[in-house]
Amino acid sequence: MGLDAVRGEKEWSFEDQRILYMIGELISAAYLREEYERNLSALAESRAELERIINSSPVLAFRLKNEEGYPVDFVSDNADLFGLPSDDNIDKDYCHLDLIHPADRVYVVSMLKNLAESGEEDSIEQEYRLIDRAGNIQWVNRRIWAIRNERGETTHFQGVSLNISERKIAEEQLEKFVRELADKNRELEDFAYIVSHDLKAPLRAIGTLSDWIADDYSEQLDREGREQLALLRQRVKRMHDLIEGVLKYSRVGRMKEELVEVDLAETVNDVIELLAPPENITIEVSSALPLIKAERTRMKQVFENLISNAVKFMDKPDGRIRIFTEDSDDSLVVCVEDNGPGIEEKHFERIFKIFQTLSSRDSFESTGVGLTLVKKIATMYGGRIWLESEPGKGSVFKIAFPGSMIVKHPERAAV
Amino acid sequence: MKNDKPVLIVEDDSVDAMTIRRALKDIKVANELIFAENGEDALEYLNGAESRMPCIILLDLNMPKMNGIEFLNIIKNDDRLKMIPVIVLTTSSEESDRVASYRQQVAGYMIKPVDYRQFVEVMKTINLYWTISELPD
């Protein structure tokens with residue numbers, strides 16, 4: 001008909017025109033419908049893909065109505081992650097509020113009310129406990145949005161949840177272990193203190209009584225008897241020193257001091273003055289010792305023990321002790337060097353153990369606690385101690401402290 | 001000591017008590033010595049109607065029934081007794097014990113030496129000081 005019209009061969013009647021128009025409408029409707037159905041199907045496919053993604057992820061998606069009890073409008077298929085029924089298994093009147101642990105309800109509801117009414121934020125994060133269908137507690141972390149209508153009223157809440165129960169359990173366990181460890185440590189330190197205290201009392205009596213026997217009855221004793229008595233008194237002193245050593249060692253853990261700025265150079269010089277080394281030993285203190293943040297007494301103890309060891313074991317007429325620092329990227333390395341007898345490598349680890357001495361106690365009185373103490377202090381600060389030595393060539397004891405302890409390096413003096 | 005009032009010694013260990021007695025004898029302290037085994041017994045003596053008030057109290061800290069700090073607390077709150085100088089004689093070098101003792105206004109804090117001769121030196125020093133220093137009547 002159209003071709004006829006174009007060629008102008010036929011006159012179109014009104015009726016013909018109307019039919020033509022209707023055909024045109026039908027064709028365009030058919031096209032529109034096809035497009036509509038294509039779009040619908042694309043939308044359905046897109047939604048299905050979204051559902052697939054959510055359902056196979058550990059994240060649960062949900063929607064709640066903003067009504068009394070917060071009835072559940074929708075929940076993704078993977079709701080069993082929380083021990084909850086999915087959309088297909090939703091009971092009528094399945095209310096979100098009923099699932100929340102009673103202790104957390106006030107917290108959750110007040111935040112939701114605030115979200116709905118204040119309009120300050122679009123979404124909030126919450127952490128709370130659910131009680132699932134089996135009655136178990138599940139820890140939930142969720143982000144929840146307010147869905148508002150044209151009038152700005154919140155009609156629904158929508159969000160995504162993550163089950164963080166495993167993390168919460170792990171956190172609780174860790175806290176428990178930390179507490180237990182702290183308790184055990186305290187117990188051990190108290191024990192060391194109590195034991196050494198209770199050991200001292202009878203020891204004092206033994207010492208005193210043997211002194212009196214020596215004073216009152218030594219004429220009645222022969223030379224051997226007097227010698228035995230002398231050995232007895234010497235052993236008493238030794239035991240006293242050992243107990244003191246244990247006490248000192250246990251105290252290191254027990255008493256916490258304030259962290260202050262400690263001038264290491266000053267500390268070292270104070271220690272040297274206290275120790276009053278004999279004339280034949282010269283001690284050189286580097287000016288490069290920095291200012292550090294530490295407990296004053298502990299630092300004093302470190303140098304007291306290291307320097308007194310160097311003095312005590314010095315076997316040369318011309319004794320030289322040097323205290324200096326070594327360069328290191330992220331640590332402070334402090335060194336105490338001496339030209340004493342030196343130590344064989346095989347003993348390097350042993351000497352840091354408590355009560356270990358390198359010569360028999362009869363030839364050289366030493367408690368064997370000093371280095372153990374220093375090592376404990378170094379470890380407490382997250383550092384470490386080691387030594388370099390060769391018999392006949394002297395020793396260097398080195399302690400590395402974390403660089404974060406340094407407050408200030410001294411100004412490098414102009415040469 | 002400056003006057004001839006007795007010295008009260010509060011000490012539970014018999015050998016320590018013997019030691020104090022012998023040391024004081026060695027340095028020729030003539031004052032009468034009263035021994036109490038713990039804080040309670042010492043209080044009983046001090047509150048006794050016929051008891052002579054001591055010029056000085058030598059006090060051990062670790063004792064059964066009533067320890068040194070508890071005893072100190074009581075006598076330093078007693079008008080009649082609080083003026084008596086108390087010297088703590090103990091094995092404890094603990095900071096907490098020292099602080100607690102001085103908080104209760106002790107006149108001195110000596111650590112019992114392990115060695116008897118040093119013990120005598122300690123007693124000598126106490127005696128010398130409290131012979132020079134005046135005591136209240």
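By convention in this document, chain letters (A, B, ...) are assigned in the order of the sequence lines, proteins followed by strands, and residues within each chain are numbered from 1.
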- Going by heavy atoms in the side chains, are A/Thr208 and B/Arg117 under 4.5 Å from each other?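 They are not in side-chain contact.
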Can you confirm whether more than 12 heavy atoms, excluding those of [X], are under 6.0 Å from its [atom1] atom?
{"X": "A/Lys300", "atom1": "NZ", "result": "no"}
{"X": "B/Tyr129", "atom1": "OH", "result": "no"}
{"X": "A/Tyr217", "atom1": "OH", "result": "no"}
{"X": "B/Lys112", "atom1": "NZ", "result": "yes"}
{"X": "A/Arg223", "atom1": "CZ", "result": "no"}
{"X": "B/Arg103", "atom1": "CZ", "result": "no"}

- Query: Contact part of B/Ser14 toward chain A, heavy-atom cut-off under 4.5 Å: side chain, backbone, both or neither?
  - Reply: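 Neither part.
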- Item | Non-hydrogen atoms of A/Trp212 and B/Val15 that approach each other most closely |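 The pair with the smallest heavy-atom distance is CH2-O, 4.2 Å.
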- Message: Checking B/Arg22 against A/Asp211 for the salt bridge (Lys or Arg N to Asp or Glu O under 4.0 Å) test, could you report, in this order, the C-alpha distance in whole Å, the side-chain angles of both residues, the deciding distance, and whether it holds?
- Response: CA-CA 12 Å; B/Arg22 183 169 168 139; A/Asp211 278 346; over 6 Å; no
- Tell me, out of A/Val236, A/Leu209, A/Asp215, who's got the most heavy-atom pairs with chain B below 4.5 Å.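 Sorted descending by pairs with chain B, the first entry is A/Asp215.
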- Give, for atom CZ of A/Arg204 and atom CG of B/Asp16, the distance between the pair rounded to the nearest 0.5 Å.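 A/Arg204 atom CZ to B/Asp16 atom CG measures 4.0 Å (nearest 0.5 Å).
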- Item | Point-to-point distance, once rounded to the nearest 0.5 Å, from NZ of A/Lys200 to CG of B/Asn62 |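 Output value for this atom pair is 11.0 Å.
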